[in-house]
Amino acid sequence: MAVLSHNRLAQTAPMLERLLDAARESGVQLHFDTAETEKLGLRGDATVVVNSEDSADVDLCLALGGDGTILKGLRRYCGSAVAVFGVNFGEVGFLATLEPEDLEEFGFERLFACDFDVLRLPAIAMQTGNGIRKAFNDVSVHRKVGGRVAQLAYGVEGQEVGSVRCDGLVICTPAGSTGYNLANGGPVLAWGVEGFGVSFIAPHSLTARALVVAPGDTLSVSNHGREAVDVSLDGRPVCEISPGEELLARFEPDAARLAQMPGASFYRRLRAKFGRLSS
């Protein structure tokens, strides 16, 4: 089993200790990559595999952190049968399977046995000059800090839909629709919906509306402005679109696997996560 954690060591340390003890009792190997090995100050033994390669033969990835840590696991095991089991040590943790206090009640033995449901997550596949990159939450296109307002044209299947002056736009998966897209007033897409959403960041128009694109259609975003705009995948900068250039994005089903508790409900999760933030 591979283990990823965020940088708040004081929060994750007690859980990591209990995890190591349970793994030793069960004869389970825990794999830590080079960054985790150095961060946690680990030494290898029969239970702990240090400086493990990303390609190591594991059957589960345990992510102790927020959505960023879980997304890291999804990117790492994209296209494989390895599910990511998220335990929330972040702020919202919408992708997390459990809260920290629930893991021991769930049971480390069940965790090691992969006794949970698996949700197959789609991705946004984006064509760039450096090849195809994938996002599990969203692709955001935004004007540079201190730059001019962007002029972004968008089209579907080669047909231009509109051109909008705005600070940027967001292309989201259903899993990512509760993030940046929700803050833009875009539609929340239930997990399992096939298709992806497009919403605008501070549009300078009364007619700009969010759009849901069919799963088989290719979306294009063209820069009709005078300055380059930045592109980020899941919050990580990856490239820019120069004036006159375009970005192509498409829906890719079954790109990664996320662990879920049996009987888990998207709508219950939506209420629990965002209801908690408003209290």
Task: Residue from L9, L40, L30, L42 passing side-chain contact (heavy atoms from CB on, under 4.5 Å) with L16 - done: L40

- [ ] Please check if any side-chain donor atom of S5 sits under 3.5 Å from a side-chain acceptor atom of E36, or the reverse.
- [x] yes

- [ ] In sequence, state the C-alpha distance, the side-chain angles, and the governing distance for Y154 and V164, and then conclude on side-chain contact (heavy atoms from CB on, under 4.5 Å).
- [x] CA-CA 8 Å; Y154 62 105; V164 180; 4.1 Å; yes

Open item on the list: Checking the side chain of S242 only, and the main-chain atoms of E245 only, is there a donor and an acceptor separated by less than 3.5 Å?
Closed with: no

- [ ] Report yes if some heavy atom in the side chain of L19 is under 4.5 Å from a heavy atom in the side chain of F108; otherwise report no.
- [x] yes

TODO: Give the other cluster members for V82, using side-chain heavy-atom distances under 4.5 Å between Ile, Leu, Val, Met, Phe, Trp and Tyr residues; answer none if it is isolated.
DONE: V58, Y77

TODO: For the pair R76 and D33, find out whether any cationic side-chain nitrogen is under 4.0 Å from an anionic carboxylate oxygen.
DONE: yes

TODO: Would you give the length of the straight line joining atom CZ of F136 to atom CG of L71, rounded to the nearest 0.5 angstrom?
DONE: 8.5 Å

- [ ] Tell me, please, which residues at least two apart from E246 pass salt bridge (charged side-chain N to carboxylate O under 4.0 Å, His left out).
- [x] none

Open item on the list: Does anything in residues 187-203 form a side-chain hydrogen bond (donor to acceptor under 3.5 Å, both in side chains)? List the pairs, not counting sequence neighbours.
Closed with: N181-S199, N184-S199

Task: T97 (side chain) donor-acceptor with A259 (main chain) under 3.5 angstrom - done: yes

- [ ] Kindly compute the distance separating OG1 (T47) from CZ (R24), expressed to the nearest 0.5 Å.
- [x] 5.0 Å

- [ ] Could you go through the side-chain contact (heavy atoms from CB on, under 4.5 Å) check for N137 and L95 one step at a time?
- [x] CA-CA 10 Å; N137 258 2; L95 296 173; 4.3 Å; yes

Task: Side chain to side chain, C166 and L152, heavy atoms closer than 4.5 Å - done: yes

Open item on the list: Is there a side-chain contact between L64 and F89 in this structure, where contact means two heavy atoms from C-beta onward sitting under 4.5 Å apart?
Closed with: yes

Task: With H31 via side chain to side chain donor-acceptor pair (under 3.5 Å) - residues at least two apart - done: S52

Open item on the list: Treating N88 as the side-chain partner and G66 as the backbone partner, does any N or O pair qualify as donor plus acceptor under 3.5 Å?
Closed with: no

Task: Under the side-chain contact (heavy atoms from CB on, under 4.5 Å) test, residues paired with D138 that sit two or more places apart - done: V170, C172, Y180

Task: Partner residues of F85 under the ring pair (Phe, Tyr, Trp, His ring centres under 6.0 Å) criterion, sequence neighbours left out - done: F106, F116

Open item on the list: List the residues meeting side-chain contact (heavy atoms from CB on, under 4.5 Å) with E25, not counting sequence neighbours, and say none if there are none.
Closed with: none

Open item on the list: Just so I know, are the side chains of L121 and T173 near enough to count as touching, which here means a heavy-atom distance under 4.5 Å?
Closed with: no

Task: All salt bridge (charged side-chain N to carboxylate O under 4.0 Å, His left out) counterparts of D59, not counting sequence neighbours - done: none

Open item on the list: Counting only heavy atoms from other residues, nucleotides and ligands, does the tally under 6.0 Å from CD of E101 exceed 12?
Closed with: yes

- [ ] Using the side-chain contact (heavy atoms from CB on, under 4.5 Å) rule, pick out the option among I171, V231, I132, L219 that qualifies with M126.
- [x] V231

Task: Step-by-step side-chain contact (heavy atoms from CB on, under 4.5 Å) determination, S232 to V238 - done: CA-CA 5 Å; S232 297; V238 293; 5.9 Å; no

Open item on the list: Is it the case that the side chain of S222 and the backbone of H224 share a donor-acceptor pair, with hydrogens and angles ignored and the cut-off at 3.5 Å?
Closed with: no

Open item on the list: For A249 versus I124, what's the shortest heavy-atom pair and its separation?
Closed with: CB-CG2, 3.9 Å

Task: Euclidean distance, L103 CG relative to L111 CG, rounded to 0.5 Å - done: 6.0 Å

Task: CG-CZ distance between L247 and R133, expressed to the nearest 0.5 angstrom - done: 12.0 Å

- [ ] Please collect all salt bridge (charged side-chain N to carboxylate O under 4.0 Å, His left out) contacts where either partner lies in residues 222-233, sequence neighbours excluded, each pair once.
- [x] K144-D230, R148-E227

Open item on the list: Tell me every residue that passes salt bridge (charged side-chain N to carboxylate O under 4.0 Å, His left out) with R75, counting only those two or more places apart in sequence or in another chain.
Closed with: D234

TODO: Hey, could you give me the OG1/CG distance between T34 and N51, rounded to the nearest 0.5 Å?
DONE: 4.0 Å

- [ ] Begin from the C-alpha positions of L119 and R257 and carry the test side-chain contact (heavy atoms from CB on, under 4.5 Å) through to its verdict.
- [x] CA-CA 6 Å; L119 174 67; R257 302 187 179 193; over 6 Å; no

Open item on the list: Per the salt bridge (charged side-chain N to carboxylate O under 4.0 Å, His left out) rule, what does the pair list look like for residues 109-125, sequence neighbours excluded?
Closed with: R110-D115, R120-D254

TODO: Sequence neighbours left out, what passes salt bridge (charged side-chain N to carboxylate O under 4.0 Å, His left out) with K134? Give chain and number order.
DONE: E252

Task: Separation between OG of S140 and CZ of R236, rounded to the nearest 0.5 Å - done: 12.0 Å

